[in-house]
Protein chains: 2
Amino acid sequence: MGTKGSANRQRIVDAADHLFYSRGYNQTSFSDISDETGIPRGNFYYYFKTKEDILAAVVDARVGEFKAVLKNCEEATSDPMQRLHALAQLPLQHETQVLQYGCPIGSLSSELVKEQDTEISQVRLTAVFDLLKSWIIEQLDKLGQSSRGDDIAKDLLARMQGIILIANVYNDAPFLHRSVNDLQSWLNQTLSN
Amino acid sequence: MGTKGSANRQRIVDAADHLFYSRGYNQTSFSDISDETGIPRGNFYYYFKTKEDILAAVVDARVGEFKAVLKNCEEATSDPMQRLHALAQLPLQHETQVLQYGCPIGSLSSELVKEQDTEISQVRLTAVFDLLKSWIIEQLDKLGQSSRGDDIAKDLLARMQGIILIANVYNDAPFLHRSVNDLQSWLNQTLSN
DNA sequence: TAAAAAATAATACGATTGTCTTATATTTGA
DNA sequence: TCAAATATAAGACAATCGTATTATTTTTTA
């Protein structure tokens with residue numbers, strides 16, 4: 001798998017990424033990915049031994065995507081507070097998708113956490129959450145909140161997840177906007193101590 | 001379907017309820033329900049025309065379950081504030097299941113909201129959420145919060161969902177307890193105005 | 001108690017699932 | 001340039017899916 005062929009592999013991952021998000025992991029079949037990429041279904045085995053291997057590649061891809069997003073946040077401003085605000089506002093930048101499909105991390109996680117018998121690595125499952133959490137803690141450290149860092153980070157993630165879930169289920173754009181706004185007030189209030 | 005037979009129908013719904021919660025709707029097959037009930041797989045058609053009909057019955061059952069829970073809250077105390085606190089504490093009463101499988105409403109909703117092509121009634125999807133929301137609004141009315149009722153109700157639901165999702169994904173009991181506690185502080189603070 | 005209705009059992013159906021194999025084409029390196 | 005490695009294509013595989021049908025038993029009702 002040297003120079004070529006990586007292209008097709010990437011196309012599979014891209015299609016799977018999109019389909020896992022819009023339809024869910026279990027509801028996405030090899031045929032679906034085949035239809036979207038034009039690559040024959042039976043050919044996937046050359047790139048991935050199992051469907052879970054595709055999932056692992058998709059999770060890795062999302063980790064990469066979010067790393068890029070966070071890097072953007074870091075380059076936009078050096079103020080940790082503004083960075084956290086940027087993160088909180090992230091759902092608004094993907095409003096249409098969030099309202100339609102929810103959070104790409106949260107919805108996938110809540111689907112995969114139910115797969116008890118299969119061998120979906122728990123490490124992989126929370127990989128994106130872990131990335132976000134440690135980044136948040138980094139910012140909080142700079143704000144002198146190192147003692148409460150872990151708790152506040154989890155709180156922020158939980159709030160974002162709850163907001164997105166309700167906004168998604170009810171397809172409620174006004175709620176999403178108002179709640180993100182409230183979330184920012186909460187950030188200001190919580191971090192002013 | 002007079003006197004008898006309702007028993008088997010109910011057993012199917014009960015098994016499906018449990019399996020949809022622990023494995024998810026799409027990951028639960030007729031064979032799974034058959035294994036759990038002992039009722040032959042091919043026999044389900046007698047009681048339900050399609051799998052979605054079973055889902056509808058399960059959603060109806062959960063609506064019934066939550067109505068009973070809310071009735072309990074009402075009988076325990078007549079104070080709307082204490083009732084809301086009881087609701088916020090509900091996840092702790094089902095701690096083990098919540099940590100393992102998440103919220104029976106939230107996880108199912110976030111799974112079903114991705115089924116765009118099929119004809120899963122959106123009304124049914126949010127039935128339990130709607131029930132909870134209107135009950136919360138009722139309590140808020142009595143607290144003189146009728147103007148902000150809808151917003152606060154959604155906020156409470158969103159917060160609970162976010163807490164449960166993070167607690168579930170990380171299987172984090174301490175976070176669940178702390179967050180429910182924080183949620184109650186928030187209730188007191190929000191409703192003291 | 002006999003006919004009608006309801007319930008149960010068991011099996012079959014076509015379609016689709018993820019996986020795997022084989023055959024052909026393309027690219028690479030000596 | 002020619003063998004070796006890589007990539008692509010296409011189809012077959014058993015298993016399982018939700019659904020449907022038929023036959024038998026049980027219950028109800030007149």
Side-chain angles (χ1 to χ4, degrees), chain A residues 1-20 22-59 108 111-112 114-121 124, chain B residues 1-20 22-59 108 111-112 114-121 124:
Chain A
M1 216 173 312
T3 47
K4 191 72 179 303
S6 313
N8 267 352
R9 196 194 130 99
Q10 190 58 41
R11 284 173 59 216
I12 293 174
V13 173
D14 288 344
D17 192 347
H18 164 248
L19 287 166
F20 289 175
S22 58
R23 302 186 188 183
Y25 171 70
N26 288 303
Q27 283 301 101
T28 298
S29 69
F30 281 44
S31 297
D32 293 331
I33 304 176
S34 172
D35 290 344
E36 188 149 316
T37 57
I39 299 168
R41 190 174 87 255
N43 208 2
F44 294 171
Y45 186 68
Y46 177 73
Y47 302 100
F48 305 95
K49 279 187 283 294
T50 66
K51 191 182 179 185
E52 283 188 22
D53 285 345
I54 299 183
L55 173 63
V58 167
V59 172
L108 183 64
E111 179 181 1
L112 296 181
K114 306 226 175 201
E115 317 262 322
Q116 49 219 21
D117 41 348
T118 67
E119 271 304 329
I120 293 183
S121 165
R124 275 252 160 59
Chain B
M1 214 173 313
T3 46
K4 192 69 180 305
S6 313
N8 268 352
R9 196 194 130 99
Q10 190 57 41
R11 284 172 59 214
I12 293 174
V13 174
D14 289 344
D17 192 347
H18 164 249
L19 287 166
F20 289 175
S22 57
R23 302 187 187 183
Y25 170 70
N26 287 303
Q27 283 301 100
T28 299
S29 69
F30 281 45
S31 296
D32 293 331
I33 305 175
S34 172
D35 289 346
E36 188 148 316
T37 57
I39 298 169
R41 189 174 88 255
N43 209 1
F44 294 172
Y45 186 68
Y46 177 74
Y47 302 100
F48 305 95
K49 279 188 283 292
T50 66
K51 191 182 179 184
E52 283 187 22
D53 286 344
I54 299 184
L55 173 64
V58 167
V59 172
L108 183 64
E111 180 181 1
L112 296 182
K114 307 228 175 199
E115 318 262 320
Q116 49 219 21
D117 41 347
T118 67
E119 272 304 329
I120 292 183
S121 166
R124 274 253 159 59

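Because the structure is a prediction, the values reported are computed rather than measured. Reminder, nothing fancy here: chain letters follow the sequence lines and each chain counts from 1.
- Here the side chain of Thr28(A) pairs a donor or acceptor atom with the backbone of Leu19(A) at under 3.5 angstrom.
- Candidate nucleotides dA7(D), dT19(D), dT19(C) were compared by shortest atom distance to the side chain of Thr50(B), and dT19(D) ranks first.
- With dT6(D), dA10(D), dA7(C) as the candidates, the nucleotide lying closest to the side chain of Pro40(A) is dA10(D).
- Taking atom NZ of Lys51(B) as the reference point, atom C1' of dA15(C) lies 15 Å away to the nearest angstrom.
- One can place CZ of Arg41(B) at 12 Å from P of dA12(C), the figure rounded to the nearest angstrom.
- dT17(C) atom P lies 19 Å from atom CZ of Phe48(A), rounded to whole Å.
- When every heavy atom of Ile12(A) is checked against every heavy atom of Ile54(A), the shortest pair comes out as CG2-CD1, 4.4 Å.
- Between the CD atom of Glu52(B) and the P atom of dC17(D) there is a distance of 18 Å, given to the nearest Å.
- Regarding Ile54(A), its CD1 atom lies at a distance of 8 Å from the P atom of dT19(C), rounded to whole Å.
- Within residues 25-34 of chain B, the residues that have a heavy atom under 4.0 Å from DNA chain D are, in order of number, Thr28(B), Ser29(B), Phe30(B), Ser31(B).
- Neither side chain, Glu111(A) nor Asn26(B), offers a donor N or O lying under 3.5 Å from an acceptor on the other.
- Rounded to an integer number of Å, the gap from Asn8(B) CG to dT25(D) C1' is 14 Å.
- Remark: Lys114(B) is not positioned above the aromatic ring of Tyr25(A), lacking an NZ or CZ atom under 6.0 angstrom from the ring centre and at most 45 degrees off the axis.
- Nucleotide dT26(D) holds its C1' atom 16 Å from the CD1 atom of Ile39(B), rounded to whole Å.
- Here the closest non-hydrogen pair linking Phe20(B) and Leu55(B) is CE1-CA, 4.0 Å.
- Every residue was checked against the side chain to side chain donor-acceptor pair (under 3.5 Å) condition with Gln27(A), not counting sequence neighbours, and none meets it.
- Proximity of Tyr45(A) to the phosphate of dT19(C): no side-chain N or O atom is located under 4.0 Å from OP1 or OP2.
- Atom pair Asp53(A):CG and dT19(C):C1' shows a separation of 12 Å (rounding to whole Å applied).
- Listed by chain and number, the residues in a side chain to side chain contact (heavy atoms under 4.5 Å, CB included) with Ala57(A) are Arg9(A), Val13(A), Phe48(A) (sequence neighbours excluded).
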